[in-house]
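Computed from a prediction, not measured in an experiment: that's the story for all the values here. Below, chains carry the letters A, B, ... as their sequence lines are ordered, and counting in each starts from 1.
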2 protein chains.
Amino acid sequence: MAEGRRVEIVAAAREILEAEGSSALTMRAIAERVGIRAPSLYKHFPDKAALEVALVAVGLAETAEIFEEAIRNAGDPVGALARAYRAWALGHPHLYRLMNDQPLPRERLPEGLEARAAQPLIGATGGDLAMARATWGLAHGLTSLELASRFPAGADVDAAWAAGTAAIAVGIGRRTPSS
Amino acid sequence: MAEGRRVEIVAAAREILEAEGSSALTMRAIAERVGIRAPSLYKHFPDKAALEVALVAVGLAETAEIFEEAIRNAGDPVGALARAYRAWALGHPHLYRLMNDQPLPRERLPEGLEARAAQPLIGATGGDLAMARATWGLAHGLTSLELASRFPAGADVDAAWAAGTAAIAVGIGRRTPSS
DNA sequence: GTCTATACCCGGATAGAC
DNA sequence: GTCTATCCGGGTATAGAC
């Protein structure tokens, strides 16, 4: 099928991004990995931005799955989600940044994908959107600081996660009477 | 004095960064703003990275002052710090990112500057470093998501800040018996 | 759908005269 | 400490042949 090449190109782009970071993600590098020349990529994607959108979509779909798995049979949904969030981000730092450091290209993303990725967390807060966003903020902030090596050497990041998620969990209980 | 030119160059760099973002922060643009040619900058700074370090130092010193002011006479130190943090970051988004999206160049920063900027928050958590880092994570995460326009249109970001900081404040009270 | 050739623009940084 | 001239490398993207 004609779409096979597109998938192959996105896979190559992802490998480069994850291995060498966004500055290494050039059209020439992607093409070389696929085994073609850079100009040929433009027969499959109109421009580089379109290729990056495909990468973001792949990352969102993957995290949605991870989150859904994390809350299955979890006695502590917030803690389980936090652990899954952090583990995935640390395992895919450059893709994580591509997904989260810029506005989502919502109009070019598959319908419902963003909502699907957000649903597990919203469920964990009992539908409380403010607490869901606060929880996301906490997770994204700790993750970003860790990825950027912004904490001083020797800082106990695990303890910060534990303290933050515990406070959030208590906060959710206080706001949702039906806990 | 000979240092005057350095200060002038850093000021020009800051103006460009804040007005046009990091991609516009080129040696040529900085030089043009100062009224000289790009190569002349290398008589004052060894390379571009050194100039960026100076920008980070300026931002750190400024935020340290802001935070110290915020906790003065504040009945709710965490809330006051959160408001000051958010306001400064939204007012200086590109400098904020330069300061926080990469490792701190600690060995080239004035002695004690990082500690001074961190002190108000550590004080607000009663010396609880884990809670201080969780609070920083929350603030940095909400700020980053807001700066990156990652929340859906219409999302109530104020409510997320309120919910998160309230939960953190309660968490601090629970962990420090001497509240 | 792939290729070669190339346009076009941009960046950081250096050499050497004044 | 400033200048001009320039090196050197890199990027996205297009034209046109095959």
Handout entry: Mutual orientation of the aromatic rings belonging to B/W136 and A/F151 [parallel < 30°, tilted 30-60°, perpendicular > 60°]
Key = perpendicular

Fill in the blank from the handout: note: B/R37, atom CZ; C/dA17, atom C1'; distance rounded to Å ~ 16 Å

Handout entry: A/R150 side-chain N/O to B/M99 backbone N/O, donor-acceptor pair under 3.5 Å
Key = yes

Practice task
Could you state the atom-to-atom distance from CD1 of A/I9 to C1' of C/dG1 in whole Å?
Solution key: 10 Å

Exercise for the section: Determine, for A/R174 against A/D128, whether the closest basic-nitrogen to carboxylate-oxygen distance falls under 4.0 angstrom. Expected result: no

Problem - B/Y42 OH to D/dC3 C1', straight-line distance once rounded to whole Å - result: 15 Å

Problem - N/O (side chain, A/R28) to phosphate O (OP1/OP2, D/dA13) under 4.0 Å - result: no

Fill in the blank from the handout: Whole-Å distance, A/K48 NZ to D/dA13 P, equals 8 Å

Problem - Position toward the 5' end of DNA chain C (nearest nucleotide), A/P39 or A/K43 - result: A/K43

Completion exercise
From CE of B/M27 across to C1' of D/dT2 the rounded distance in Å is 15 Å

Fill in the blank from the handout: Sorted by chain and number, sequence neighbours left out, side chain to side chain contact (heavy atoms under 4.5 Å, CB included) with A/A87 holds for none

Problem - Rounded distance in Å - CG (B/L41) to C1' (D/dT4) - result: 15 Å

Practice task
Return the nearest nucleotide to the side chain of B/H44; candidates are C/dG12, D/dT14, D/dT2.
Solution key: D/dT2

Practice task
Rounded to the nearest angstrom, tell me the gap between atom CZ in A/F45 and atom C1' in C/dG1.
Solution key: 14 Å

Exercise for the section: Quick one: label A/S40 by what it contacts on the DNA or RNA (base, sugar-phosphate, nothing), any heavy atom closer than 4.0 Å. Expected result: base

Problem - Nearest-angstrom distance from the residue atom CD1 of A/I36 to C1' of D/dA13 - result: 15 Å

